[in-house]
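What follows is a set of notes on a single structure, which appears directly below.
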Amino acid sequence: MSKRLASAIFALLFALSAFVPALATAETPAPSEAPEAEPSEKEEVIYFNLDASGEVESAYAVNSFPGGDISDRGDYSEVRVLNTSDEITLDGDEVRLSSDASRVYYQGALKDPCLPWDISLTYELDGKAVSPEELGGKSGSLEIRFTVEKNGRCAGSFYEDYALQASFTMPGECCSGVSAPGATVANVGADKQLTFTLLPGEGIDTVISAEVEDFSMPAVSINGIHLNLSVDVDTEDIKGQVGQLVSAAAQLDNGAAALVSGSNELLGGTADVQNGAESLRSGIAELDSGVGELRDGLAAMRDGLNELYAKSPELAGGAYQIYAGLAEIDERLSAVDVQAMMASVISSLTEAAGGMTTQAANVAALAAGLQQKMADAQGLLAAGETMVSNMQATNSAAAAGLQSVLATLDPESEQYAAAAEPIKSAMKALSGSGLQAQLMLNMVKSSIAGFSEDAAALESALLELQASGENFKAVAAGLQEQTGGLASMVDELKSGIAQLVSGAWQLTDGVSAYTSGVAQLVDGFGSVMSGVGQLASGTQELLSGSDSLSAGTAELYAGVAELCDGAESMAAGAGRLHSEAGGVDIQARVDELLEGIGGSMAAPESFTSEANGLVKSVQFVISCAAIEAPEAEPEPAPQAEEPTLWQRFLALFGIE
């Protein structure tokens with residue numbers, strides 16, 4: 001049987017079998033001959049996890065049974081029930097559980113799993129071998145070598161009885177120019193999905209190539225099912241169809257002669273068609289050149305309009321801000337009453353001038369009192385000088401008396417020793433008190449002298465204060481005279497601002513109408529550009545079509561000649577088909593086609609343990625680890641943009 005037909009049948013089997021869900025399997029077609037032993041109702045789904053190179057990392061089995069008392073075998077490190085809370089026990093390689101569920105599923109982790117297929121994935125980037133760990137995020141010319149062979153270390157007939165389907169997904173965002181000999185290629189969104197089909201007992205050695213940038217690849221999925229076909233072919237129906245084919249061949253032979261005659265007439269007309277096509281091509285070329293120049297001119301005009309339209313919101317916003325600022329100034333000026341404000345100011349100034357005069361009078365009275373107190377202090381100072389002089393004379397006399405008393409005593413006597421120290425202390429005290437009195441008198445003299453200077457400065461300041469009060473009154477009077485002129489100027493300012501507000505509003509309306517017109521022009525111009533673009537595209541298509549037409553007429557001439565030769569060959573072949581088809585042994589040909597599909601017609605043997613014997617179904621779900629690109633480092637925060645000239649102008653007025 002051809003590999004194309006076998007692959008098609010195998011793909012259909014994969015589509016009909018629900019092996020992808022972890023806990024559901026398809027019914028095994030009934031064999032043409034009953035097996036020697038009835039298989040159990042057990043179903044097995046074997047999951048293998050491989051690394052990105054194809055090495056086995058872990059494996060586990062999901063076993064399912066009808067509910068009841070269950071005893072199963074398997075070389076497990078641990079087991080657990082998946083769909084019920086029933087208790088499960090593992091004793092050596094024997095698993096026991098009991099469940100009332102209609103169907104129960106349990107998972108067992110395989111201790112030493114042996115994959116029946118030896119799967120290998122190797123990688124080369126720009127001609128150099130690279131590991132999967134290093135490949136993530138790399139760019140260049142990539143080759144992935146994918147090989148599958150029989151694993152001689154694994155017991156059983158799984159390699160001979162099971163077919164595989166391997167799926168690779170090459171992401172469109174990082175892969176281009178994907179080539180995969182022997183694969184079925186399908187577009188899944190922007191990605192390329194490559195599917196390799198391996199019949200029972202068949203391996204593969206192929207290379208997937210692509211140009212990659214920042215490469216990553218999802219996990220490779222490989223699924224295996226037990227291939228068990230029982231084909232019943234209706235050979236009588238095929239014979240009837242072959243008879244119809246022979247009859248049709250005779251009709252085809254008769255029509256070939258008419259075809260030869262018509263093709264000769266067609267050949268004569270192709271020369272005229274070719275001459276007309278060349279003239280048409282020349283005219284279309286001139287039209288295409290003119291449309292190209294028109295499109296270039298309109299493109300330049302479009303760019304100018306787009307730039308003008310981009311500035312329109314900024315222009316309209318600036319006009320409105322000018323209007324809003326002038327309106328606010330007008331509103332605030334309208335609320336100002338210059339006459340009342342100036343009257344209040346002049347009243348306050350007059351009242352302040354009166355207060356200054358009153359304060360000056362108070363300060364003058366205070367200065368007069370200070371002058372009297374200074375005269376009194378001078379009298380007291382003279383009396384103090386007399387008292388200090390008298391005190392010093394008294395102290396000198398007392399000290400002399402004490403000295404004379406001390407001179408009368410014998411320095412060697414006890415009386416002298418007892419009186420000498422107190423007398424000396426008294427003499428020292430008398431001398432010190434006189435000095436202290438003199439120092440205090442000097443301090444009082446100094447203070448009175450400073451006080452006299454301060455009084456003179458106060459009197460001078462008083463005179464200046466009186467003069468300032470008079471000047472202040474004169475200023476207030478002058479302000480009162482100028483109030484009328486100021487009010488008139490404010491009224492003129494109000495009138496001017498009002499006119500500016502009116503003009504700014506008209507400016508805002510004008511700018512708004514202008515920007516609206518620009519927007520309509522831009523929208524309309526888009527339609528013009530679209531139409532010109534379609535016209536240019538159409539002329540290009542016409543030009544391309546005229547080239548194709550010219551070339552096609554030449555090909556048509558040659559093709560008609562070949563048609564004549566082919567018609568004669570077809571007639572001869574139809575005759576041979578008619579004479580030879582009657583002797584075909586249809587049954588023998590069908591048997592020959594079906595031979596070689598492979599696979600066992602018997603129920604599959606258990607993968608988890610030979611002790612389990614034949615089971616209802618065994619399926620394999622194999623996953624090779626994904627190749628992931630390293631995470632990109634975060635981009636630095638963008639720098640703040642420099643303000644435009646308009647933004648700086650608005651900032652001068654405190655406008656955001």
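Numbers for residues simply follow the sequence, beginning at 1. Worth saying up front: this structure is predicted, and the values here are computed from it rather than measured.
- Taking S221 as the reference, N223 meet the side-chain contact (heavy atoms from CB on, under 4.5 Å) condition, with sequence neighbours excluded.
- E605 meets the side-chain hydrogen bond (donor to acceptor under 3.5 Å, both in side chains) test with S157; sequence neighbours excluded.
- The number of heavy-atom neighbours closer than 6.0 Å to CD of E610, taken from other residues, nucleotides and ligands shown, is 12 or below.
- The side-chain hydrogen bond (donor to acceptor under 3.5 Å, both in side chains) test applied to D118 returns no partner, not counting sequence neighbours.
- D51 meets the salt bridge (Lys or Arg N to Asp or Glu O under 4.0 Å) test with no other residue; sequence neighbours excluded.
- Minimum heavy-atom separation, C624 to I222: SG-CD1, 4.4 Å.
- The OH atom of Y159 sits 7.5 Å away from the CD atom of E202 when rounded to the nearest 0.5 Å.
- The ring-ring contact (aromatic ring centres under 6.0 Å, His included) test applied to F65 returns no partner, not counting sequence neighbours.
- Between S64 and K42 there is no side-chain heavy-atom pair separated by less than 4.5 Å.
- The local environment of CD in E124 is crowded, with over 12 non-hydrogen atoms from other residues, nucleotides or ligands closer than 6.0 Å.
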_Please evaluate residues L135 and L142 with respect to the criterion side-chain contact (heavy atoms from CB on, under 4.5 Å), reporting the C-alpha separation (whole Å), side-chain torsions for both, the decisive distance (0.1 Å), and the verdict._
CA-CA 9 Å; L135 184 57; L142 175 65; 3.9 Å; yes
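- Under the side-chain contact (heavy atoms from CB on, under 4.5 Å) criterion, T206 pairs with F146, P181, F196, I204, not counting sequence neighbours.
- Using a 4.5 Å heavy-atom threshold, the side chains of I144 and Y123 count as touching.
- From N49, atom CG reaches atom CD1 of I622 across 10.5 Å, with rounding to the nearest 0.5 Å.
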_Could you go through V148 and I119, starting from their C-alpha distance and side-chain angles, then the distance that decides it, and tell me whether this counts as side-chain contact (heavy atoms from CB on, under 4.5 Å)?_
CA-CA 5 Å; V148 178; I119 299 172; 4.3 Å; yes
Please set out all donor-acceptor pairs under 3.5 angstrom arising from side-chain atoms of residues 166-180, sequence neighbours excluded.
none

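- Looking at L125 and E134, their side chains never come closer than 4.5 Å, going by heavy atoms from C-beta outward.
- Applying the side-chain contact (heavy atoms from CB on, under 4.5 Å) criterion to V185, with sequence neighbours excluded, gives K192, L194.
- Remark: F158 pairs with Y162, F607, F620 by the ring-ring contact (aromatic ring centres under 6.0 Å, His included) rule, at least two apart or across chains.
- For the atom pair OH of Y60 and OG of S77, the computed distance is 13.0 Å after rounding to the nearest 0.5 Å.
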Donor-acceptor contacts under 3.5 Å from residues 106-116 side chains, at least two apart:
from : atom 1 : to  : atom 2 : distance (Å)
Y106 : OH     : N63 : ND2    : 3.4
Y106 : OH     : D72 : OD2    : 2.5

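- Evaluation of the salt bridge (Lys or Arg N to Asp or Glu O under 4.0 Å) test over residues 142-155, restricted to residues two or more places apart or in two chains, returns R145-D205, K150-E160.
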_Please evaluate residues S141 and D126 with respect to the criterion side-chain contact (heavy atoms from CB on, under 4.5 Å), reporting the C-alpha separation (whole Å), side-chain torsions for both, the decisive distance (0.1 Å), and the verdict._
CA-CA 5 Å; S141 297; D126 294 331; 3.7 Å; yes
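- Using a 4.5 Å cut-off on side-chain heavy atoms (C-beta onward), K138 and V212 make no contact.
- I627 and A52 make their closest contact through CG1-CB, 4.2 Å (heavy atoms, listed as atom of the first residue, atom of the second, distance).
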*asked:* Checking Q165 against T195 for the side-chain contact (heavy atoms from CB on, under 4.5 Å) test, could you report, in this order, the C-alpha distance in whole Å, the side-chain angles of both residues, the deciding distance, and whether it holds?
replied: CA-CA 7 Å; Q165 189 175 70; T195 303; 3.4 Å; yes
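- The distance from atom CG of L50 to atom OG of S623, rounded to the nearest 0.5 Å, is 7.5 Å.
- Partners of S606 by side-chain hydrogen bond (donor to acceptor under 3.5 Å, both in side chains), not counting sequence neighbours, listed by chain and number: E44, T608, N612.
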